[in-house]
Amino acid sequence: MEKITKREMYEAIVEAAKGGDFKYTAEDVITFAENEIALLDKKATKAKERAATKAAEGDALTAVVADALTGDFQSIADIAAVVAETDGDATVSKVTYRLTQLVKAGKAEKTELTIPGSEGVKARKIQGYRAVVAD
């Protein structure tokens, strides 16, 4: 049996829906559909595996970011520099995302830090993070 392409099958289905002759047998349609379902299942399984791998990697980086936090408020750039010493692939964006996760989990605190400006330059405000200190 000749392999039926997706385009051919979909065109045949459109023609059949319009009332024309359907050039494939019911067996051809069933075989085609079962193959497509199998491909979708395979794709979904691979996607779940990739998601699990990414989640595991994220958990490891979250632990590294949590270890980099101290009892004093630090800027994101300072925390990212400490994390980069341990994990060279860590970017500021990845560290910021993990810091947000830690704040939501109650393991870190966030505040606004004011960095004084030099002569003629305005002071600027940045986000600072620290580990939650047990009272």
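For the numbers below, each heavy atom of this structure counts, side chains included, while hydrogens, waters and symmetry mates do not.
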Which heavy atom of Ile79 sits nearest a heavy atom of Ala68, and at what distance?
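Nearest pair, atom of Ile79 first, then Ala68: CG2-CB, 4.3 Å.
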
Could you tell me which non-hydrogen atom of Pro116 sits nearest to which non-hydrogen atom of Ala123, and how far apart they are?
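Nearest heavy atoms, Pro116 then Ala123: CA-CB, 4.0 Å.
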
Any chance you could measure Arg98, atom CZ, to Leu61, atom CG, to the nearest 0.5 Å?
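These two atoms lie 4.5 Å from each other.
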
Taking atom types as modelled, find out whether Asp78 and Ser75 have a side-chain donor-acceptor pair closer than 3.5 angstrom.
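Yes, side-chain donor-acceptor contact under 3.5 Å.
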
Verdict with reasoning, Val132 to Glu109, per side chain to side chain contact (heavy atoms under 4.5 Å, CB included)
CA-CA 6 Å; Val132 171; Glu109 294 177 321; 4.0 Å; yes

Indicate if [X] and [Y] have the same hydrophobic cluster label, given that clusters are the connected sets of ILVMFWY residues with side-chain heavy-atom separations under 4.5 angstrom.
X      : Y      : result
Ile126 : Tyr129 : no
Leu69  : Ile76  : yes
Val82  : Val103 : no

Side-chain donor or acceptor of Ser118 paired with backbone N/O of Val121 under 3.5 Å:
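Checked: no pair found.
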
Between the main-chain N or O of Thr5 and the side-chain N or O of Glu8, is there a donor-acceptor pair closer than 3.5 Å?
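At least one qualifying donor-acceptor pair exists.
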
Applying side chain to side chain contact (heavy atoms under 4.5 Å, CB included) to Glu27 and Thr31, what does each step give before you reach the verdict?
CA-CA 6 Å; Glu27 185 178 310; Thr31 303; 4.3 Å; yes

Against Val95, only a single residue in Val92, Thr91, Leu99 fulfils side-chain contact (heavy atoms from CB on, under 4.5 Å); can you say which?
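Among Val92, Thr91, Leu99, the one that satisfies the side-chain contact (heavy atoms from CB on, under 4.5 Å) with Val95 is Leu99.
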
Worked verdict on Gln101 versus Thr62 for side chain to side chain contact (heavy atoms under 4.5 Å, CB included)
CA-CA 8 Å; Gln101 286 180 323; Thr62 301; 3.3 Å; yes

Take Gln74 and Arg130, measure what side chain to side chain contact (heavy atoms under 4.5 Å, CB included) needs, and give me the verdict at the end.
CA-CA 6 Å; Gln74 302 169 292; Arg130 71 175 181 182; over 6 Å; no

For Glu49, give me all partners under side-chain contact (heavy atoms from CB on, under 4.5 Å), at least two apart in sequence or on another chain.
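With sequence neighbours excluded, Glu49 shows a side-chain contact (heavy atoms from CB on, under 4.5 Å) to Thr45, Lys46, given in chain and number order.
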
Is the closest side-chain heavy-atom distance between Gln127 and Leu113 below 4.5 Å?
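A side-chain contact is absent here, since even the closest heavy-atom pair is not under 4.5 Å.
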
If you define the side chain from C-beta out and look only at heavy atoms, does anything of Leu39 sit under 4.5 Å from Glu36?
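Side-chain contact under 4.5 Å: yes.
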
Using a cut-off of 6.0 Å, state whether more than 12 heavy atoms not belonging to Tyr97 lie near its atom OH.
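For Tyr97, atom OH is not crowded (no more than 12 foreign heavy atoms under 6.0 Å).
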
